[in-house]
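Presented below is the structure to which this report refers.
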There are 2 protein chains.
Amino acid sequence: MKLKSATLLDVARQAGVSRATVARVLSAGGYVGDETRLRVEEAVRQTGYRPNAMARSLRTQRTFTIGHTTSEFTQNPFFAHVARSIEREGLANGYKTFLYNQDGSDAHERAGVEQFIERRVDAVIFTYPRDPQSLAMLRAAAMPVVQIERDLTPDTSAVLVDNYTGAAAGMAHLLQLGHRRIAFIGGDPRLNPRSCRRPRSVEEERLDAYRDALSSVGVGIDERLIWLGRYYEPDNGINIAGYRAMRTLLELPERPTAIFTGCDILAAGALQATYEVGLRIPDDISVVGFDDTTARILAPRLTSVAQPMAELGKTALQLALAQIDDPEIAPQTVILSPQLVIRDSTGPVPRLAPTRRG
Amino acid sequence: MKLKSATLLDVARQAGVSRATVARVLSAGGYVGDETRLRVEEAVRQTGYRPNAMARSLRTQRTFTIGHTTSEFTQNPFFAHVARSIEREGLANGYKTFLYNQDGSDAHERAGVEQFIERRVDAVIFTYPRDPQSLAMLRAAAMPVVQIERDLTPDTSAVLVDNYTGAAAGMAHLLQLGHRRIAFIGGDPRLNPRSCRRPRSVEEERLDAYRDALSSVGVGIDERLIWLGRYYEPDNGINIAGYRAMRTLLELPERPTAIFTGCDILAAGALQATYEVGLRIPDDISVVGFDDTTARILAPRLTSVAQPMAELGKTALQLALAQIDDPEIAPQTVILSPQLVIRDSTGPVPRLAPTRRG
DNA sequence: TTGTAGGCGTTATCAG
DNA sequence: CTGATAACGCCTACAA
């Protein structure tokens with residue numbers, strides 16, 4: 001800013017009143033004479049006055065900003081959607097969001113949190129928190145915190161997802177279509193932290209729902225049908241994991257008739273492998289995704305367990321506001337449910353028992 | 001913030017020195033006695049002092065923030081990647097980014113810009129600018145501005161893309177594979193503004209490259225093979241446009257052997273339509289995308305003209321910094337080139353002339 | 001109804 | 001080498 005913008009004083013001089021009067025006009029509170037008000041409003045227009053949020057924050061001890069630390073939103077649209085929802089709900093309440101991609105690193109996350117503290121954001125939202133130390137820093141600063149989808153500590157508000165129910169709905173759908181030989185491609189519970197409010201981690205819930213569903217119809221678990229790993233391959237960009245897993249499954253002597261995946265990105269890889277070997281979906285094999293992020297743009301359109309992404313963000317922001325308005329309020333936990341969206345990637349089990357291709 | 005955090009004064013008292021001395025220690029400039037410095041550092045630690053960015057900004061007239069207005073980044077990963085690049089490059093230079101999704105509305109865009117002005121960001125980056133009035137507001141405030149990919153006014157720095165060359169590379173690839181009956185699915189030039197630095201708009205460049213490529217090998221333009229529209233369907237979420245266009249093309253008496261699309265999202269829709277009718281890619285038909293965003297997760301992996309997303313963001317931030325450092329500097333224009341990435345969706349033209357299916 | 005004055009937490013300029 | 005002290009722009013009692 002070379003030419004510094006007008007201040008309250010400039011406006012006051014222009015209108016021939018004091019700064020206090022201008023402030024009163026702008027804050028729309030307090031008594032101001034009609035004629036004076038008009039003069040001030042005219043002066044505001046003429047000077048092109050814009051309040052200085054910095055000065056205001058310094059004075060009021062409120063910045064009307066929210067810090068949001070997210071996992072890499074370029075890797076998974078899930079994070080972009082949640083971030084968007086937080087941004088939107090924040091704006092609706094007068095808040096601007098600082099978005100910070102923690103980049104899969106504890107150190108980055110901490111750096112982001114330090115930024116937030118120095119900039120005195122009114123609250124911090126995590127999708128996901130990584131490092132308990134980040135949370136500890138915020139606790140020390142007595143700042144409101146909300147954790148989304150994964151909770152590392154019990155002392156903040158959190159919005160979680162009932163992944164078990166979601167996965168169960170997906171599995172029920174496959175079972176109902178007659179599938180019994182169903183594979184699982186998903187995140188490895190051992191690579192992801194446990195929840196401290198729910199009995200199981202996100203990954204455990206999804207995997208358990210898979211196991212339980214099969215057991216409920218008397219099908220034993222075939223460990224060869226279960227692939228656990230990372231959602232993304234860090235080195236080669238997106239999508240190698242699901243592809244590799246699916247290739248392996250398709251090589252089995254008796255291949256599965258359906259695949260339940262723990263993420264749309266993994267499902268996308270599975271679709272690629274299936275396409276490559278020339279099998280048709282859902283004619284030869286059915287696939288269910290999770291998250292409902294890229295599901296709509298894949299071929300065929302993917303049946304997927306939809307995360308409540310908009311609600312996740314919106315609720316998190318509401319919980320943050322509640323804490324801001326009353327710092328003494330007890331942390332709350334909200335649990336949302338995913339919902340199965342049926343599209344074109346699931347169909348009845350093939351009538352002829354599938355044989356090894358080739 | 002209930003319990004207000006320690007200030008310079010608190011640290012000073014703790015260390016038994018003045019605020020000025022503490023400030024000197026923290027700014028790592030000026031002379032401070034070794035013993036004093038140690039005492040101050042210890043006091044900083046004990047009090048858990050964090051500088052207040054608001055107070056600092058007020059004093060220094062610099063916020064070390066950048067405002068970034070973007071098109072809906074949940075609709076197209078292109079925007080998420082550019083935003084991420086700006087964020088990353090900003091952080092590397094000590095800047096935090098305010099991200100603002102303008103949501104396809106001029107009014108929202110202006111609201112975002114007003115936010116940026118009130119929060120006194122040091123510069124504003126647009127991916128894309130929509131409303132000339134937004135730019136005018138920033139001009140009035142004498143704030144540095146950078147426009148990415150589309151430029152509405154000539155008076156700011158800009159980072160543009162040579163779309164013609166990119167599209168030409170894609171077309172050359174198809175021609176070289178023997179394709180002559182090539183369709184075009186892309187953005188309608190009439191729906192998008194012109195550039196004020198380049199002779200043609202983004203959409204015109206891509207379309208002209210298509211036409212020119214065909215002309216260069218003596219193939220006349222078949223207008224039935226050209227579909228122009230919006231990149232996304234606003235109502236039903238993503239991806240209806242490319243799907244519909246492709247369905248129409250596949251109904252033609254003599255269908256195309258290859259499709260050149262103006263966007264990966266459109267290409268994804270084309271793949272869905274192709275899949276649905278049971279044709280194979282690239283055996284029956286080849287498809288080229290644009291942007292290289294979702295290309296890697298589609299089946300088959302999409303050949304696509306890659307936008308230099310990371311460079312776009314990085315360069316924009318550098319141009320912004322240049323303006324911040326020297327407000328008198330003349331606006332610069334940088335033009336980057338896309339690059340064709342060949343994957344599995346393009347292959348030789350089928351030997352037998354394709355006939356109408358069914 | 002309007003004006004005065006003090007302070008929010010820094011930085012920067014002067015003295016000492 | 002260190003300490004006062006004056007802004008930065010705004011809000012808000014309190015006084016007039």
Side-chain angles (χ1 to χ4, degrees), chain A residues 1-41 43-44 47-65 94 117-122 141, chain B residues 1-41 43-44 47-65 94 117-122 141:
Chain A
M1 290 161 287
K2 36 193 173 196
L3 135 183
K4 43 192 283 192
S5 49
T7 74
L8 226 36
L9 184 58
D10 298 321
V11 179
R13 275 206 268 259
Q14 175 86 10
V17 296
S18 73
R19 291 178 305 174
T21 303
V22 179
R24 270 189 288 266
V25 171
L26 292 173
S27 68
Y31 307 95
V32 184
D34 283 350
E35 195 261 349
T36 315
R37 160 166 286 119
L38 285 174
R39 256 203 350 268
V40 169
E41 283 169 348
V44 166
T47 53
Y49 171 78
R50 302 274 182 186
N52 183 324
M54 238 66 52
R56 175 180 293 162
S57 300
L58 189 58
R59 182 60 235 255
T60 59
Q61 303 290 52
R62 291 278 249 104
T63 58
F64 285 97
T65 53
I117 295 178
E118 298 199 353
R119 295 187 185 275
R120 301 291 193 271
V121 299
D122 295 329
Chain B
M1 286 162 290
K2 35 193 175 193
L3 134 183
K4 42 193 283 192
S5 49
T7 74
L8 227 35
L9 184 58
D10 297 322
V11 179
R13 276 205 266 260
Q14 176 86 9
V17 296
S18 73
R19 288 178 307 172
T21 302
V22 179
R24 270 189 287 267
V25 170
L26 291 173
S27 67
Y31 308 95
V32 183
D34 282 351
E35 195 262 350
T36 314
R37 158 165 289 122
L38 285 174
R39 257 205 346 269
V40 169
E41 285 169 347
V44 165
T47 54
Y49 170 77
R50 301 273 183 188
N52 182 323
M54 237 65 53
R56 175 180 291 162
S57 298
L58 188 59
R59 182 60 234 247
T60 59
Q61 304 288 55
R62 293 277 251 103
T63 58
F64 286 96
T65 53
I117 295 177
E118 298 198 354
R119 294 185 186 276
R120 301 291 194 269
V121 300
D122 295 330

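Order of the sequence lines sets the chain letters (A, B, ...), proteins ahead of strands, with each chain counted from 1.
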For nucleotides 4-7 of chain C, give me every protein contact, N/O to N/O, under 3.5 Å, one pair per line with atom names.
| from | atom 1 | to | atom 2 | distance (Å) |
| --- | --- | --- | --- | --- |
| C:dG6 | N2 | A:R59 | NH1 | 2.6 |
| C:dG7 | N2 | A:R59 | NH1 | 3.4 |

Rounded to the nearest angstrom, tell me the gap between atom CZ in A:R39 and atom C1' in C:dT2. 11 Å

With sugar-phosphate meaning primed atoms plus P, OP1 and OP2, does B:R50 contact a base, only sugar-phosphate, or nothing at under 4.0 Å between heavy atoms? sugar-phosphate

Just how far, in rounded Å, is C1' of D:dG3 from OH of B:Y31? 17 Å

Starting from P on C:dG9, measure out to CZ on A:R56 and report it in whole angstrom. 18 Å

Partner residues of A:L26 under the side-chain contact (heavy atoms from CB on, under 4.5 Å) criterion, sequence neighbours left out: A:L8, A:V22, A:V44, A:Y49

Rounded to whole Å, CZ of A:R62 lies from P of D:dC10 at a distance of 19 Å

Specify the separation, in whole Å, of atom CZ of A:R119 and atom P of C:dC8. 22 Å

A:M54 CE - D:dC10 C1' separation (whole Å): 12 Å

Could you check B:P51 against A:D34 and say which one's nearest nucleotide on DNA chain C is further toward the 5' end? A:D34

Do A:N52 and B:R120 have side chains that get closer than 4.5 Å, going by heavy atoms? yes

Mind calculating the distance between CG (A:L58) and C1' (C:dC8) to the nearest angstrom? 4 Å

Just the rounded figure in Å: distance from C1' of D:dG9 to CD of B:E118. 13 Å

